[in-house]
Engineer: 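To start, I am sharing the structure in question, which I have written as structure tokens.
We're numbering straight along the sequence, starting at 1.
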Amino acid sequence: MPDVGEGIAECEVVAWRVQPGDAVTEDQILADVMTDKATVEIPSPVHGTVVALGGKVGESLAVGAELIRLEIEGAGNLKAEAAKPAAAAAAPAAAPATAAAPAADEPADVPHGFVPEPQRVAAGAASVSAPAASSARTPSAPAASPAARSVSPAPQHNGAASRALFRDPGEKPLAAPAVRKRAWDMGIELQFVAGSGPAGQITHADLDAFVAGRQRGGHAAHGGGGSDSRYAELHGEEAVPLIGLRRKIAEKMQMAKRQIPHFTYVEEVDVTELEALRAQLNERYGKERGKLTLLPLLMRAVVLAIRKFPEVNARFDDQAGIVTRYQPVHLGIATQTDAGLMVPVIRNAEARDPWNSAKEIVRLAEAARTGKAARDELSGSTITITSLGPLGGIVTTPVINHPEVAIVGVNRILDRPVVKNGGLVPRKLMNLSSSFDHRVIDGMVAAEFIQTIRGYLETPATLFVE
């Protein structure tokens, strides 16, 4: 495992790009590994062939540990050394291999991996020389006749149905891989299916017969759905290991909820004027500067509110018991990706206008979604904003991005009737759902901080006047 960054002691393997036996070229990507929340691609240093992989997906490897083993051309490689004893043993092995050739034949209609009871000893004895025997055969060798290749089904106890329903404990039903997959997809447990094939092997026809019998009432669904597939019983389960980013997210969420006493404060904000201003700015400057969403304007409101409440722009060291307040505002923007939740960081948000912030949001979100975000772009935030856009709901309870002490959540905008000047008028309303670390932030401070943000958003001209 190469050194992928300062202070990194181990990395988790999240994906292999190659497998044993693959030929690789120099600089070809061999694996994806994860450190913190950054995914790093590991290239091959040489041309060669993959001999072995140093770990499974989900395993953590220390820096300097064996990640992959490659065979390269040249003196002393594994293939050249292994070829010498193999060549010496080739001649004596030729005669026994030829003699064993007839015993290597296997019945064609027997499922792969199954040998009838009377033939198991003989087949086991012949299996050692079978690979060598196959190379000794010639095209003129006579093929086995159908009669010679047939296998009689094993006797069944009281018929096929009783064999299915009264199998011995631990006895596995016989079925080809394709039949097993189809049974899995259909939600059928093979233990209860009667097999009509050789030695009780279950066939596709047996599955069809089982389904037909269940629809007639033999194994009817408890819900009474009958033949209606909408009410068919479902069986099976899937164990999904948490690896890579998903594991990091789980660990960080668990740490945040265990260590931080959260409290959430929700406030309604009238963004009618803000949306009108945004529309005007996009119409006037959209072509040359790019279009604005609500997020860059909210970022500016948060930056201005932090000037009055610097205690929310901080990180709390639990072990040392020290709160560090920051003058620069490094805003984390919670971003959903195919791999899971990531928080790219907009550095020095206080020094950016809304258009610059909008471009940086787009750049970092794209880097996060494509897995190209650098480690320093995914760490070091001092406060976070989270938004689900149109799916934001009415109220949320966001989890603080440990070790920060505050997170501001944005809910969706809705048109609602509001009493204004004695009459009902339609207004665009949005909730801010924000969480705070109660060890560090008092309820009054949190409320005043959100009310300050609300003031900037409801009077958007103040975002540009200091």
Side-chain angles (χ1 to χ4, degrees), residues 7 36-37 242 245-269 295 298-335 340-350 375-388 392-411 431-457:
D36 295 338
K37 278 192 173 182
L242 293 183
L245 179 60
R246 193 74 259 168
R247 178 190 292 176
K248 296 292 184 183
I249 293 172
E251 291 172 351
K252 191 153 189 177
M253 289 294 179
Q254 185 178 25
M255 178 189 298
K257 292 298 288 185
R258 181 193 299 123
Q259 297 186 6
I260 301 176
H262 287 62
F263 77 94
T264 301
Y265 180 85
V266 181
E267 179 58 289
E268 186 176 69
V269 181
L295 193 53
L298 174 62
M299 288 174 55
R300 188 60 187 169
V302 170
V303 165
L304 295 177
I306 284 174
R307 293 180 181 178
K308 299 180 180 180
F309 302 93
E311 53 265 55
V312 301
N313 188 48
R315 295 161 70 95
F316 181 37
D317 186 336
D318 306 79
Q319 300 298 323
I322 296 176
V323 178
T324 304
R325 297 180 181 178
Y326 296 86
Q327 292 186 355
V329 180
H330 301 316
L331 258 173
I333 305 296
T335 303
L341 180 66
M342 305 181 78
V343 186
V345 182
I346 297 180
R347 302 281 175 182
N348 296 100
E350 76 282 356
R375 187 186 178 206
D376 60 351
E377 293 176 326
L378 298 171
S379 60
S381 56
T382 56
I383 188 172
T384 295
I385 293 177
T386 178
S387 171
L388 292 175
I394 298 174
V395 173
T396 52
T397 55
V399 178
I400 296 171
N401 186 21
H402 182 275
E404 298 166 23
V405 299
I407 183 171
V408 178
V410 184
N411 299 118
N431 285 346
L432 290 179
S433 300
S434 305
S435 295
F436 301 88
D437 185 339
H438 221 332
R439 298 172 299 179
V440 179
I441 306 298
D442 294 332
M444 181 63 72
V445 173
E448 290 177 343
F449 173 66
I450 295 302
Q451 291 300 330
T452 301
I453 294 176
R454 176 190 176 189
Y456 284 120
L457 296 179

Engineer: Taking all heavy atoms of N411 and all of G392, pick out the closest pair and write down the distance.
Structural biologist: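 For N411 and G392, the tightest heavy-atom pair comes out as ND2-O, 2.8 Å.
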Engineer: Do you know the tightest heavy-atom contact between I453 and V302?
Structural biologist: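 Reported closest heavy-atom pair: CD1-CG2, 3.9 Å.
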Engineer: Side chains of H402 and D437: does their closest heavy-atom pair fall under 4.5 Å?
Structural biologist: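 Not in contact.
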Engineer: Taking the side chain as every heavy atom from C-beta outward, state whether M253 and L341 have any pair of such atoms under 4.5 Å apart.
Structural biologist: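 In contact.
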Engineer: Within this structure, what is the OG-CD1 distance for the pair S433 and I407, rounded to the nearest 0.5 Å?
Structural biologist: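 Answer for the OG-CD1 pair, S433 versus I407, is 11.0 Å.
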Engineer: Among pairs that include at least one residue of residues 249-268, which meet ring pair (Phe, Tyr, Trp, His ring centres under 6.0 Å), considering only residues two or more places apart or in two chains?
Structural biologist: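 Checked against ring pair (Phe, Tyr, Trp, His ring centres under 6.0 Å) - neighbours excluded - the pairs reaching residues 249-268 are F263-F436, F263-H438.
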Engineer: If you measure from CD1 on I385 to CG on L295, what distance do you get to the nearest 0.5 Å?
Structural biologist: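 Answer for the CD1-CG pair, I385 versus L295, is 5.5 Å.
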Engineer: Do R246 and I249 have side chains that approach each other closer than 4.5 Å (heavy atoms only, starting at C-beta)?
Structural biologist: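 R246 reaches I249 side chain to side chain.
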Engineer: Any chance you could measure N313, atom CG, to T382, atom OG1, to the nearest 0.5 Å?
Structural biologist: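 Reported to 0.5 Å precision, the distance equals 3.5 Å.
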Engineer: Distance-only, no hydrogens or angles: does the S379 side chain make a donor-acceptor pair with backbone N or O of R375 under 3.5 Å?
Structural biologist: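 Checking the backbone N and O of R375 against the side chain of S379, a donor-acceptor pair under 3.5 Å is found.
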Engineer: Would you mind telling me which of E404, R315, R347 makes a side-chain hydrogen bond (donor to acceptor under 3.5 Å, both in side chains) with S381?
Structural biologist: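 Among E404, R315, R347, the one meeting side-chain hydrogen bond (donor to acceptor under 3.5 Å, both in side chains) with S381 is E404.
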Engineer: Considering non-hydrogen atoms only, spot the tightest contact between A406 and I383 and give its length.
Structural biologist: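 Closest heavy-atom pair between A406 and I383: O-CG1, 3.6 Å.
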Engineer: Would E311 and I441 count as a side chain to side chain contact (heavy atoms under 4.5 Å, CB included) here? Give the steps.
Structural biologist: CA-CA 7 Å; E311 53 265 55; I441 306 298; 4.1 Å; yes
Engineer: Report the distance from atom CG of N431 to atom OG1 of T396, rounding to the nearest 0.5 Å.
Structural biologist: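 Going from the CG atom of N431 to the OG1 atom of T396 covers 9.0 Å.
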Engineer: Check this for me, if you would: do R439 and D318 make a salt bridge, where the nitrogen-to-carboxylate-oxygen distance has to be below 4.0 angstrom?
Structural biologist: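 Salt bridge between R439 and D318, a charged N being under 4.0 Å from a carboxylate O: yes.
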Engineer: Which donor-acceptor pairs under 3.5 Å do the side chains of residues 321-335 make with protein atoms, sequence neighbours left out?
Structural biologist:
residue: H330; atom: ND1; partner: N348; partner atom: N; Å: 3.2
residue: T335; atom: OG1; partner: I333; partner atom: O; Å: 3.0

Engineer: Measure across A256 and I400 and return the closest heavy-atom pair with its distance rounded to 0.1 Å.
Structural biologist: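 Scanning both residues completely, I find the closest heavy atoms to be CB-O, 3.5 Å.
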Engineer: Where is the tightest heavy-atom contact between Y456 and A305, given as atom of each residue plus distance?
Structural biologist: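 Taking Y456 first and A305 second, the nearest heavy atoms are CE1-N, 4.0 Å.
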Engineer: Please find the pair of heavy atoms, one from P398 and one from S435, that lie closest to each other, and give the distance.
Structural biologist: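 Smallest heavy-atom distance, with atoms named: O-OG, 2.7 Å.
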Engineer: How long is the gap from CZ on R454 to CD on E448, to the nearest 0.5 Å?
Structural biologist: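 That separation rounds to 14.0 Å.
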